[in-house]
Amino acid sequence: MAAVQETIEQVKSIDVDKYKYGFETEIESEKAPRGLNEDIVRFISEKKGEPAWMLEWRLDAYRRWRALKEPTWAKLHYPKIDFEDLYYYSAPKGTTGPKSLDEVDPQLLETYAKLGIPLKEQEILAGVRKAGEPSPSNAPSEGADGYASMKGKVAIDAVFDSVSVVTTFKKELAKAGVIFCSISEALREHPELVKKYLGTVVPQSDNFYAALNSAVFSDGSFVYVPPGVRCPMELSTYFRINEKDTGQFERTLIIADKGSYVSYLEGCTAPMRDENQLHAAVVELIALDDAEIKYSTVQNWYPGDKDGKGGIFNFVTKRGDCRGKNSKISWTQVETGSAITWKYPSCILRGDNSRGEFYSIAISNGYQQVDSGTKMIHLGRNTTSRIISKGIAAGKSQNTYRGLVSAHRKATGARNFTNCDSLLIGDKCGAHTVPYLEARNSSAQFEHEATTSKISDNMLFYCTQRGLSSEEAIALVVNGFVRDVLQHLPMEFMAETQKLIGISLEGSVG
Amino acid sequence: MLEIKNLHACIADDGTEILRGIDLVIPKGEVHAIMGPNGSGKSTLAYVLAGRDDYEVTEGDILWNGESILEMGPDERAAKGVFLAFQYPMEIPGVATMTFLRAALNAVRKKRGEKELTTPEFLKFVRAKAAELGVSDEMLKRPLNVGFSGGEKKRMEILQMSVLEPTLCVLDETDSGLDIDAIRIVSEGTTKLRGPDRAMLVITHYQRLLNYIVPDKVHVLAKGRIQKTGGKELALELEKSGYADFTGQAA
Ligand SMILES: Nc1ncnc2c1ncn2[C@@H]1O[C@H](COP(=O)(O)OP(=O)(O)O)[C@@H](O)[C@H]1O
Ligand SMILES: [Mg+2]
């Protein structure tokens, strides 16, 4: 209840029609020439000082990409992307790799501070509180060592255009044996780990965008949690696209070794630009025996203006592999930004008794188009999965849930529960549900529920008659609608998310 | 005091005139009933009072405590004390009744310059009122009106009214679809709110409700105008003679 009240407050205090992350940072950057060929791939690999096998891996991906075609099956319409006209590498000058905080360009720190993400090693949380505000969780901050002192902290890897600019709390994490760094650094410092796992969940030729990413990815985060370790703090990556005409291709690889646990948050914003910007990330998660990974995303890329001009094209491949027995991977996503979203965070349930979860809130307004969902691939015995998807369409947007649940021949006892709800605001938008079910094992039990409802004028009038403004009424109804999913977000992210929901739906009535 | 002066209103979409010059005054402390045949414009009048934008006021004025409310949105009117108990209350999926009540109460309190209630204060306040109307804790947890029976929905309207403490209460056919016990509960809840600072407009098709909520005046609305005004006995007359006199049709 208090949370709803808070949303209402926040929605009210927001400047209408403003994407508040839309500013641009004027910072000198170093770029590779426009277009893509083997030399560009070599250029990127060399810039990063990568081992020879990595370059070969990239070139292999590049060649495969050349042979692939852009997928057209999604319910998305957008102008053809000219892949030869993009920049594939852009780095703020002077950042050849992650540094300690005092070496980072103050202008970059300022950019992140403006985004609500002060990159300081103190108790701050991505976008939730401003620096200096007290922690709501009352986490003890005294006691330099030990578990309790780290609660409420978030370690952040900040990725600006193509490179990671800084990773915080590395020392404290290292004490627990957790590796959290940029993937470029991981390639230098822990090549054996990267080599062992990279591309094992999303192979180079998995799809057009994954192949492109494999060829040109410039940075991203790397996490390794050793056996039996419960990662002592939330890990978080904050992605920021700044440069014009630049694709962002980050690569994230998270490995939870046997019996470990990690919770990871991802946040994204971009400046307002008239041109579309391409974002094609790949995220691979690997959970070994008895391990658990919780991956949460709050995606708030620039969605374009009210006439549908500009905005990010977001083509993302996210996949988790429950490789070990009793492992668990849980995706929670809040998708509010981007002009185009093509995204299906999935789970391969390979280990016996493994579990996959997908909790999604996808909001579209204006001319946004979302085609998102998940795949739950049941391979092991007694594997379970759960899908809760809440799509909210407003304005002239189109919002599609696309999901696949499959059970392999050997997946005895596989179970899935799917619930897809759509909420329409106004009558110029659309919501669509496209579920695919494939059971090759007769013991599989799949349950599917779907509803579509509408915030009608009648409902709004009813609420406003009781004293709520239209914005308050919509925030109330939408927050009620997404409640089942919100509760799966890390506590600290909930307030942020409720605020974001309010902002995203501004101008959806009247 | 509510003053409705020569009120004309049409359907905004197609300009069809529904209210054709209504004059009505309800001083504070009084309860007036409006009766009339189906389709005479009773609900339209209630909606126009509450500020629904499907209707356009083409002539006349509505003054509440001397101030015209025509330019105000529904939420501003609510803050000024206007409350409409709907003939067909809306279902609000996903929003617990308690949550809704609290959001609404805080919204109006804030607009009225009062401070929000704390959680314990609020819960105490609502539970007491809910008990009087036979609304269970379990119902307060359910999404507002979703799956509620007709009677439960109407009780919920009265609960909202008693929680928001409006000064102008408009009840649109709160009795329709209710059995006699439910009518009694709803009427008692409404009667409790009668007071020197409150004006009430009770819309009903049948005389029955007025046995419980005894009106100071009864108006007959037909063809978009007040055709006749009288005391509470007028309701009984109408019960016998029907509305034929006013619609120009044989009974
Ligand atoms: N929004 C609307 N669109 C079309 N017709 C309407 C609308 N509102 C009311 N009407 C028509 O106006 C007349 C009066 O309706 P209403 O006020 O609901 O009557 P009552 O409540 O007295 O039964 C009816 O003929 C009804 O069909
Ligand atoms: Mg009516």
Side-chain angles (χ1 to χ4, degrees), chain A residues 1-13 361 388-392 419 421-425 427 449-487 498 501-502 509-510, chain B residues 46-47 49-55 72-86 88-112 116-119 122-123 126 141 143-146 157 160-161 163-166 170 172:
Chain A
M1 248 181 327
V4 170
Q5 218 25 61
E6 195 168 333
T7 310
I8 291 171
E9 296 301 316
Q10 283 161 336
V11 169
K12 276 172 113 179
S13 66
I361 298 170
I388 310 281
S389 163
K390 306 279 176 179
I392 298 141
N419 171 240
D421 294 330
S422 307
L423 182 67
L424 298 165
I425 303 175
D427 47 20
E449 287 175 0
T451 66
T452 300
S453 48
K454 198 178 157 184
I455 301 188
S456 60
D457 291 348
N458 285 339
M459 213 192 265
L460 277 181
F461 175 65
Y462 186 82
C463 294
T464 53
Q465 203 299 305
R466 300 304 190 237
L468 299 164
S469 67
S470 304
E471 282 81 22
E472 288 170 334
I474 287 190
L476 187 70
V477 174
V478 170
N479 274 308
F481 179 72
V482 301
R483 197 178 39 188
D484 301 352
V485 172
L486 269 188
Q487 69 195 27
Q498 290 186 316
I501 290 170
V509 276
Chain B
Y47 284 144
L49 284 171
R52 184 164 190 148
D53 64 5
D54 299 44
Y55 304 98
M72 296 178 190
D75 52 332
E76 290 170 86
R77 295 186 198 199
K80 296 275 179 195
V82 178
F83 183 93
L84 168 61
F86 284 64
Y88 303 107
M90 295 304 300
E91 302 189 353
I92 314 288
V95 181
T97 301
M98 203 57 137
T99 306
F100 183 88
L101 286 172
R102 183 158 191 198
L105 180 63
N106 282 339
V108 297
R109 285 184 73 97
K110 213 148 81 205
K111 288 191 182 111
R112 290 173 191 166
E116 298 187 1
L117 295 183
T118 64
T119 303
F122 170 77
L123 291 177
V126 170
K141 284 183 192 142
L144 181 63
N145 291 331
V146 177
E157 292 295 285
Q160 291 182 52
M161 184 163 84
V163 165
L164 295 176
E165 300 179 318
V170 181
D172 190 4

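Labels below follow one simple rule: chain letters A, B, ... track the order of the sequence lines, proteins then strands, and each chain is numbered from 1.
Put simply, of A:C463, A:S456, A:S453, the one with the most heavy-atom pairs under 4.5 Å next to chain B is A:C463. Of the listed residues B:P74, B:A50, B:G51, the one with more heavy-atom pairs under 4.5 angstrom with chain A than any other is B:P74.
The 12-atom threshold is not exceeded at OH of B:Y88, counting heavy atoms of other residues, nucleotides or ligands nearer than 6.0 Å. Heavy atoms from other residues, nucleotides or ligands lying under 6.0 Å from CG of A:D457 number 12 at most.
The heavy-atom pair separating A:G467 from B:A107 by the smallest distance is O-CB, 3.4 Å.
Scored by the side-chain contact (heavy atoms from CB on, under 4.5 Å) test, B:A79 finds B:K111 as partners (sequence neighbours excluded). Residues satisfying the ring pair (Phe, Tyr, Trp, His ring centres under 6.0 Å) criterion with B:Y47, sequence neighbours excluded, are A:F461.
Contact annotation: the side chain of B:P93 never approaches that of A:F481 to less than 4.5 Å [non-hydrogen atoms, C-beta and beyond]. Here the side chains of B:T99 and A:L476 are in contact, with some heavy-atom distance below 4.5 Å.
From B:M90, atom CE reaches atom CD1 of A:I455 across 11.0 Å, with rounding to the nearest 0.5 Å. In this structure, B:E91 CD and A:N458 CG are separated by 12.0 Å, a value rounded to the nearest 0.5 Å.
Contact annotation for B:P143: neither backbone nor side-chain heavy atoms come within less than 4.5 Å of a heavy atom of chain A. With a 4.5 angstrom heavy-atom cutoff, B:L84 touches chain A via backbone and side-chain atoms both. With a threshold of 4.5 angstrom between heavy atoms, B:R52 approaches chain A through its backbone and through its side chain. At a 4.5 Å heavy-atom cutoff, the contact between B:L144 and chain A is made by side-chain atoms alone. Using a 4.5 Å cut-off between heavy atoms, B:E76 makes no contact with chain A at all.
With hydrogens and angles ignored, the 3.5 Å screen pairs no side-chain donor or acceptor of A:R466 with any backbone N or O of B:D75. A donor-acceptor pair under 3.5 Å is formed between the side chain of A:Q465 and the backbone N or O of B:V82.
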